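Notes follow once the structure below has been shown.
Predicted, not measured: the structure shown is a model, and the values here were computed from it.
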Amino acid sequence: MRTALDILIVIFGPLAALGGFLFGATYTAFFSKYPSLDILDGRDIYYFFVTFASFIIVVAAGVYRRSLGQEPLELKITYSPGPSGESIEKATLTGFDKEIKDATDELAAKARDYFNAGEQDYDASRFKEAAGNYQRSVDVLPTMSCYLNLGNALLSVSDYPQAKNAYESGLKIARKKKDKQLESAFVCNIGVIYDNRGDLDKALKFHQDALDIDQEIGYRQGKANQLGNIGIIYGVQGDLEAALKHFHEALEIHREIGYRQGEANQLGNIGNIYLAQGDLDKALKSYQEALDIHREIGYRQGEANQLGNIGLIYRDQGDLDKALKSHQDALDIDQEIGYRQGEANQLGNIGVIYDNQGDLEAALKSHQKALDIDQEIGHLQGEASQLVNIAVIYAEQVKKREALELLNQALNIFQEIGASRKIAIVEENIRKISE
């Protein structure tokens with residue numbers, strides 16, 4: 001469609017200009033200066049019609065072309081779940097290839113090999129290794145695509161300062177090249193860093209800036225993504241109605257453009273708000289709708305996430321057997337697809353179920369497995385969360401010294417990565433156990 005519109009503009013643009021010249025040339029002022037133009041006499045209505053019709057075609061084609069927005073996101077950007085449920089923007093191999101097309105064959109091949117290796121590591125949740133390969137690609141040939149994915153890999157291991165450096169480096173290139181779509185992606189992901197560090201005001205500003213860019217360029221899928229991330233921040237701030245409003249706006253856009261994965265993500269976000277409001281039936285309905293879409297499009301990671309959410313509903317309803325089954329089903333999928341971070345999350349959820357059932361040994365075993373995975377992949381925020389879970393069980397076993405030791409370890413990690421919301425929670429736990 002965009003190509004056809006471009007052809008119309010190329011053909012009828014010059015025709016409008018030519019018709020306009022000939023129409024102007026029919027006036028007598030031209031005849032006296034250029035006698036050879038007498039042949040145009042009497043044809044002014046014809047040339048006026050050519051000019052007017054061509055002009056209308058060009059304007060209409062241009063307006064409709066702009067209404068289509070940017071190129072489809074699969075050319076440059078796709079989406080990936082962030083460490084706390086946000087949507088982070090990720091570069092594709094297609095977008096990377098577009099950037100390196102003018103580089104020498106040797107440099108391009110080397111940079112592409114490292115980028116490919118990084119993609120494979122990233123997909124296998126080997127985020128440290130992915131970051132190393134993306135960095136090697138950047139060292140050979142700095143690209144926006146690689147800086148974006150480097151930042152994502154570093155974000156996944158909670159290395160927020162280095163992730164921010166990577167995003168800011170890519171942002172400079174995007175602004176220099178006037179690539180608005182990637183500029184928005186970098187701004188969005190910097191907002192995710194501030195969100196994870198608990199600086200919600202800065203996070204909100206960056207997501208709003210990204211939203212403004214996406215609206216400016218008519219990139220509706222990016223707009224929906226930013227609305228979803230803004231909704232998450234409102235939810236954390238306790239403004240559940242504002243969060244719900246943003247999620248519904250994002251959902252409507254995703255449905256209009258037919259982006260099923262985005263539709264499912266927003267249904268999951270809406271379910272989270274209903275859960276926070278205590279409306280478990282509505283929450284379960286939203287999670288189930290999201291689950292059905294993920295299964296329909298074959299997005300296994302999304303399927304596992306929604307099964308985990310459904311497990312939380314069953315847990316709150318007191319049906320621990322159903323909750324355990326949902327989390328186990330999610331765990332099986334995460335293990336099958338090699339999503340290690342999701343595997344750790346579900347093991348943590350299963351540990352909480354065992355704790356609620358009074359089986360503290362099974363709970364400890366599950367939390368320890370989750371802790372081992374988080375430490376293995378370098379997910380500091382997950383590591384600290386599992387330390388807190390284990391500490392809670394030690395406190396139940398009246399092992400106050402061991403509990404405080406683990407809580408202080410978790411506190412040090414949260415302070416290291418600047419996760420202010422988590423710091424407050426751990427400090428409250430330390431206070432209660434110390435009493």
Tell me whether Tyr287 contacts the main-chain N or O of Asn272 through its side chain, where contact means a donor paired with an acceptor under 3.5 Å.
yes
Work out which heavy atom in Phe206 is nearest to a heavy atom in Gly191; give both atom names and the distance.
CB-CA, 3.6 Å
Would you say the side-chain atoms of Asn412 and Glu416 include a donor-acceptor pair closer than 3.5 Å?
no
Is there a donor-acceptor contact under 3.5 Å linking the side chains of Asn149 and Glu119?
yes
Measure across Leu307 and Ala330 and return the closest heavy-atom pair with its distance rounded to 0.1 Å.
CB-CB, 3.9 Å
Please verify the inter-ring angle class for Tyr259 with His254; under 30° counts as parallel, over 60° as perpendicular, anything in between as tilted.
tilted
Using modelled atom types only, decide if a donor and an acceptor are shared between the side chain of His246 and the backbone of Ala242 within a distance under 3.5 Å.
yes
Check: Asn225/Gln221 side-chain N/O donor and acceptor closer than 3.5 Å
no
Any donor and acceptor pair, going by atom type alone, linking the side chain of Arg197 with main-chain N or O of Ile417 inside 3.5 Å?
yes
Polar side chain donor-acceptor pair, Asp292 to Gln288, under 3.5 angstrom
yes
Ignoring hydrogens and geometry beyond distance, is a side-chain donor-acceptor pair present between Tyr160 and Gln381 at under 3.5 Å?
yes
Tyr134 side chain to Asp121 side chain, donor-acceptor N/O pair below 3.5 angstrom:
no
State whether the side chain of Ser169 and the backbone N or O of Asn165 hold a donor-acceptor pair below 3.5 Å, judged by distance alone.
yes
Check Lys164 with Asp159, please: is the shortest side-chain N to carboxylate O separation under 4.0 Å?
no
